[in-house]
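Some notes on the structure that comes next.
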Amino acid sequence: MNNRHLRRIAVTVSAAALLPLALTACSGDSDTSSSDSGADKAASSAPAKETESAAAMDKPFGPGCASVPKEGAGSFDGMAQDPVATAASNNPALSTLVAAVKQAGLVDTLNSAENITVFAPTNDAFAKIPKADLDKLLANKAELTKVLTAHVIGQKLTPQQLEKGSFDTLAKTKLTTAGSGEEYTVNDSSKVVCGNVPTANATVYIVDTVLMPAS
């Protein structure tokens, strides 16, 4: 066997030995690429979910929101265009509150305030108060003003801030909140039935019980 033939055999054997190594390397690159692609997808989907969750909490929430008109001045879009006392006057579920605000002479005060939060009792919330007591409250402007301003905070509150909150009201009283998601309680007694409602100058949380400050 001559030298040229031996060299051909050596080249063939070397090529055969290197082929599996090359295939393994290619397979490793493919797996890494696939793994990287999966990681990229997971990383990109996480922020998307967080964004969707944040967007959901930017909108009004709660079972009581179903009673809000779908269009017109009393709708969420309509209320967002008006200052809070005017916006409330366009919501049929808040007519008793609006009458009380007018009786106390607080319409201009609430409409001219900036960046406030109002916990707005529904008509049903006022109906829980015995009629004689409610009539007495409505006839006492000083006491009525104290009760109503005990529902107002001098800053806009997000749902996240309500999870375990304690805030000073315009009546110089304390208001506490607790909860999570779409379920919040105010002063351990009143539940938010429709929260995070925007108006031109305030965020409104509609509640099912009137918050009576301690005497």
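Just so it is clear, the model here is predicted, and its values are computed rather than measured.
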Examine Leu170 and Leu157 and state if one hydrophobic cluster contains both, with Ile, Leu, Val, Met, Phe, Trp and Tyr joined whenever side-chain heavy atoms are less than 4.5 Å apart.
no

Of all the heavy-atom pairs spanning Val207 and Ser190, show the shortest one and how long it is.
CB-OG, 3.2 Å

Which residue pairs satisfy the ring pair (Phe, Tyr, Trp, His ring centres under 6.0 Å) criterion with at least one member in residues 126-151, sequence neighbours excluded?
none

Hey, are the side chains of Cys194 and Pro63 touching, using non-hydrogen atoms and a 4.5 Å cut-off?
no

If you look at every heavy atom in Asn201 and Ala113, which pair is closest and at what distance?
ND2-O, 2.7 Å

List the atom of Ala150, the atom of Leu211, and the distance in Å for their closest heavy-atom pair.
O-CD1, 4.4 Å

Is it the case that more than 12 heavy atoms not belonging to Glu163 sit under 6.0 Å from its CD atom?
yes

Note, Pro213 side chain near Lys146 side chain (heavy atom, < 4.5 Å)
yes

Is there a side-chain contact between Val197 and Thr203 (heavy atoms, below 4.5 Å)?
no

Note: Cys65 and Gly195 closest approach over all heavy atoms is SG-N, 4.3 Å

CD1 of Ile153 to CG of Asn115: how many Å apart, nearest 0.5 Å?
14.0 Å

Please check: side-chain N/O of Ser75 versus main-chain N/O of Gly78, any donor-acceptor pairing under 3.5 Å?
yes

Value for OG1 (Thr149) from CG (Leu106), rounded to nearest 0.5 Å, stands at 7.0 Å

So the ring pair (Phe, Tyr, Trp, His ring centres under 6.0 Å) pairs with at least one residue in residues 88-123 (sequence neighbours excluded) are Phe119-Tyr205

For Gln161, side-chain hydrogen bond (donor to acceptor under 3.5 Å, both in side chains) partners two or more places apart
Thr158

Sequence neighbours left out, what passes side-chain contact (heavy atoms from CB on, under 4.5 Å) with Leu138? Give chain and number order.
Ala100, Leu134, Leu144

Correct closest heavy-atom pair for Thr109 and Ser112 would be O-OG, 3.4 Å

Keeping to residues at least two apart or across chains, list the ring pair (Phe, Tyr, Trp, His ring centres under 6.0 Å) pairs with something in residues 71-97.
none

Nearest 0.5 Å, what's the CG-CD distance between Asn196 and Gln160?
8.0 Å

Under the side-chain hydrogen bond (donor to acceptor under 3.5 Å, both in side chains) criterion, do Asn123 and Ser95 qualify, and how do the steps go?
CA-CA 7 Å; Asn123 295 342; Ser95 60; 3.1 Å; yes

Heavy-atom count around Lys156 NZ within 6.0 Å, excluding the residue itself: above 12?
yes

Count the heavy atoms belonging to other residues, nucleotides or ligands that lie under 6.0 Å from CD of Gln155, then report whether that count exceeds 12.
yes

Counting heavy atoms not belonging to Asp133, are there more than 12 under 6.0 Å from its CG?
yes

Nearest heavy-atom neighbours spanning Leu110 and Ile116
O-CD1, 4.0 Å

Using the disulfide (SG to SG under 2.5 Å) rule, collect all pairs that involve residues 85-178, keeping only residues at least two apart or in two chains.
none

Excluding sequence neighbours, so at least two apart, what forms side-chain hydrogen bond (donor to acceptor under 3.5 Å, both in side chains) with Thr145?
none

Do the side chains of Leu175 and Leu148 join up, straight or via other hydrophobic residues, at under 4.5 Å, putting them in one cluster?
no

Hydrophobic cluster membership, Met212 vs Leu97, 4.5 Å side-chain cutoff
yes

Is Val193 linked to Val98 within one hydrophobic cluster, defined over Ile, Leu, Val, Met, Phe, Trp and Tyr using a side-chain heavy-atom separation of less than 4.5 Å?
no

Distance from Ser189 atom OG to Lys128 atom NZ, nearest 0.5 Å?
8.5 Å

Using 0.5 Å steps for rounding, measure from the CG atom of Leu162 to the OG1 atom of Thr117.
8.0 Å

Could you see if Val147 belongs to whatever hydrophobic cluster contains Val204? Use Ile, Leu, Val, Met, Phe, Trp, Tyr and a side-chain cutoff under 4.5 Å.
yes

Derivation and outcome, side chain to side chain contact (heavy atoms under 4.5 Å, CB included), residues Phe167 and Thr176
CA-CA 6 Å; Phe167 311 98; Thr176 60; over 6 Å; no

With Lys136, which residues qualify under side-chain contact (heavy atoms from CB on, under 4.5 Å), at least two apart?
none

Residues forming a salt bridge (charged side-chain N to carboxylate O under 4.0 Å, His left out) with Lys174, sequence neighbours excluded
Asp168

Quick one: which residue pairs count as a salt bridge (charged side-chain N to carboxylate O under 4.0 Å, His left out) with a foot in residues 64-83, not counting sequence neighbours?
none

Modelled atom types, side-chain donor and acceptor of Thr122 and Asp208, under 3.5 Å
no

Can you list everything that forms a salt bridge (charged side-chain N to carboxylate O under 4.0 Å, His left out) with Lys131? Sequence neighbours excluded, please.
Asp135

Is there side-chain contact between Ile206 and Leu94, with at least one heavy-atom pair below 4.5 Å?
yes

Below 3.5 Å, can you tabulate the donor-acceptor pairs from side chains in residues 84-93 to any protein atom, sequence neighbours excluded?
residue	atom	partner	partner atom	Å
Thr86	OG1	Asn111	ND2	3.1
Ser89	OG	Thr86	O	2.5
Asn90	ND2	Thr86	O	3.3
Asn91	OD1	Ala93	N	3.0

